[in-house]
Number of protein chains: 2
Amino acid sequence: MTRAPDLDSLKLLVLVGQLGSVGAAAERVGISQPTASHRLSTLERSLGLVLLERSRRGSRLTEAGHMVVGWSQRVLDDLAELMTGAEALRVRRDAELHVAASMTIAEYLAPSWIGQLRGQRPDLYVGLQVTNSERVAALVGSGAADLGFIESPHPPAGLATRPVAHDRLIVVVANGHPWARRRKPLSVEELAATPLVVREAGSGTRETLDEVLGRAGVAMAKPLLELGSATAVRSAVIAATGPAVVSELAVRTDIADGRLAAVSVDGLDLRRVLRAVWPNDRKLVGPAAELLAVARRR
Amino acid sequence: MTRAPDLDSLKLLVLVGQLGSVGAAAERVGISQPTASHRLSTLERSLGLVLLERSRRGSRLTEAGHMVVGWSQRVLDDLAELMTGAEALRVRRDAELHVAASMTIAEYLAPSWIGQLRGQRPDLYVGLQVTNSERVAALVGSGAADLGFIESPHPPAGLATRPVAHDRLIVVVANGHPWARRRKPLSVEELAATPLVVREAGSGTRETLDEVLGRAGVAMAKPLLELGSATAVRSAVIAATGPAVVSELAVRTDIADGRLAAVSVDGLDLRRVLRAVWPNDRKLVGPAAELLAVARRR
DNA sequence: CCAGGTCATAGCGAGAGGCTATGACAGCGA
DNA sequence: TCGCTGTCATAGCCTCTCGCTATGACCTGG
């Protein structure tokens, strides 16, 4: 059984690939050259692969090394998001820029935005508060937050607002599920009649779903399961608990590589706009304006 | 300075979230309850967040805990791909199913496919050989590989073939680059006249690019830089070395969250079909057929 | 009020992983 | 041809992390 490699070694490997030398990579991460050498050997042993072609004039990645670097890169990128996200949650109190966001945005978009902003301004501390869209509006309105991001269908009155991204709720099922092989879209009635795995009442995702179904003139069946985060819903679907309705942001990669199947529903528009909000009377300046610019590009 | 959390602790946290108890999660990963308890405390301290709400009847995730679990989930998923990928490279020799794939497919799609197949058949060992599309065809033709995946524009003669996915090369630039703010698409001539960061000659990506440009009647300028993997190209673009042409698979997430900008090119069709290939005379059976099925669904 | 469940603390032992010092070897210039 | 410089590897030591067991403190339910 191969144990999980530690992240520092992966980072080291990536650096060796970029810098072409074990010693240089060691210096970059602040460890001695022998230590780096030893760590890389350990990594190779633990993966059972030769990753580096060592010579007296430096080290180059082998074929396998290139592959592992590619995979490591993604692990490390995601880890960086985790770290910036965690930091933003942590420094909430005494940050220079106070951001409030609804859950989906906070989980899938905000860390990346904040990370990019901090790439431009490394000494800027950003605080992130996550609540539901209604409370985001209140926080921005009261000045407790400088900038908010909401997923609510109704832009709140009294606040300046601007769309930053689009999102769509989708019906997903595990691969074994009969719906995965359907060729015809589901009817709204069929969907409404089926017990689903959904987010808990009060969440933006759930609200959107209820409202869209209501507008289509149907009432949702009693949920199969109510869960407190998109991640939990996703896990339940993968475990084949049943169909679910969830933001495409949460399952984008699962669908891209076939782990989950998206089921289209006839005549149901589950798109929604993700918006930035800020106090109406103030023009956005400084870090808040920069963050908005980062969020808006794309 | 917050150090990188170790992956085992993240996994433990995810399990606590699912199982609702520290002890149960500890048992699941094969460590003692006190050890798990201690590790979780360490994780909380290192992130500076309270992740669990402990009670005498179990432990529940806090708000911050939910966020961290979501971010961790993605780190762990990527790590799982790394591990299956590495294993597939390692057991190449004595695997029960021999797969050969070109680089882009091997890096971005194959680990997920193999992971899903191994989810169904845990004791099946899959070996992965990565080379260029031409050699993949040769390996399959000679029987050295049971199933191949190629990104070449010309399906090789004498082999059964079936499309499994689509891919597209795209022009990407860093956000500061002038092209990032363009509203008009680039002309083919403009693109061809600009030195680009590209994959090395001989790679499927480079071949596709050369061929498409040739068909459009232009010749590519001398490359700014030639690199040996899509990951390296991506890094160069992020470092603002210059524009690059790379598979969308490599930069999908970067574009989705605005780290890189895609530039459209007028009248250039850079789509390509990714195909499975296998010997013409044999009907696919067993693991090879199963893997093809996994790759084809979506 | 005890039984069975939870999580936390204490103390100990082993091993991972850090460091410095040194060796081996290739390439380059004098 | 002979150092000089730069590469990576090995050896030996020491620290501190992280695992374990044993135990405590505390709810909940019978």
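No experiment lies behind these values; they were computed from the predicted model shown. Residue numbering restarts at 1 for every chain, and letters A, B, ... go by the order of the sequence lines.
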J.: Let's see if you can work this out: which of dC25(C), dG19(D), dA11(D) has an atom nearest to the side-chain heavy atoms of Thr35(B)?
T.: dG19(D)

J.: Toward the 5' end of DNA chain D, which comes first, Gln33(B) or Ala36(B), by nearest nucleotide?
T.: Ala36(B)

J.: Between dA9(D) atom P and Leu40(A) atom CG, what is the distance in whole Å?
T.: 8 Å

J.: For dA16(C), does either OP1 or OP2 sit under 4.0 Å from a side-chain N or O belonging to Thr42(A)?
T.: no

J.: Starting from P on dG17(C), measure out to CG on Leu7(A) and report it in whole angstrom.
T.: 13 Å

J.: In terms of side-chain heavy atoms of Ser32(A), which of dA9(D), dT21(D), dT20(C) is nearest?
T.: dT20(C)

J.: Indicate whether OP1 or OP2 belonging to dC8(D) is found under 4.0 Å from a side-chain N or O atom of Ser59(A).
T.: yes

J.: For Ser55(B) and dT6(C), is the shortest distance between a side-chain N/O and OP1 or OP2 below 4.0 Å?
T.: no

J.: Send over the distance from Arg56(A) CZ to dT5(D) P, rounded to a whole Å.
T.: 19 Å

J.: Name all residues meeting the ring pair (Phe, Tyr, Trp, His ring centres under 6.0 Å) criterion together with Trp71(B); count only those two or more places apart in sequence or in a different chain, and write none if there are none.
T.: none

J.: Please tell me if Ser37(B) has a side-chain N or O lying less than 4.0 Å from either OP1 or OP2 of dC7(C).
T.: no

J.: Mind checking Ser41(A) for me? I need base, sugar-phosphate or nothing, with any heavy atom below 4.0 Å counting as a touch.
T.: nothing

J.: Quickly work out the Arg45(A) CZ to dG15(C) P distance and round it to whole Å.
T.: 14 Å

J.: Whole angstrom is fine here: how far is it from CZ in Arg57(B) over to P in dA3(C)?
T.: 22 Å

J.: Would you say the side-chain atoms of Thr231(A) and Glu107(A) include a donor-acceptor pair closer than 3.5 Å?
T.: yes

J.: Just how far, in rounded Å, is P of dT6(C) from CG of Leu52(B)?
T.: 15 Å

J.: Does OP1 or OP2 of dC8(D) have a side-chain N or O of Ser21(A) closer than 4.0 Å?
T.: yes

J.: Rounded to whole Å, please give me the gap between NE2 in His38(A) and P in dC13(D).
T.: 16 Å

J.: To the nearest Å, how far apart are Glu27(B) CD and dC7(C) P?
T.: 12 Å

J.: Any side-chain N or O of Arg54(B) below 4.0 angstrom from OP1/OP2 of dA8(C)?
T.: yes

J.: Give a yes or no on whether the backbone of Ser203(B) and the side-chain of Arg199(B) come within a donor-acceptor separation of less than 3.5 Å.
T.: no

J.: Apply ring pair (Phe, Tyr, Trp, His ring centres under 6.0 Å) to His177(A) and list each qualifying residue two or more places apart in sequence or on a separate chain.
T.: Trp179(A)

J.: Between the main-chain N or O of Val50(B) and the side-chain N or O of Thr62(B), is there a donor-acceptor pair closer than 3.5 Å?
T.: yes

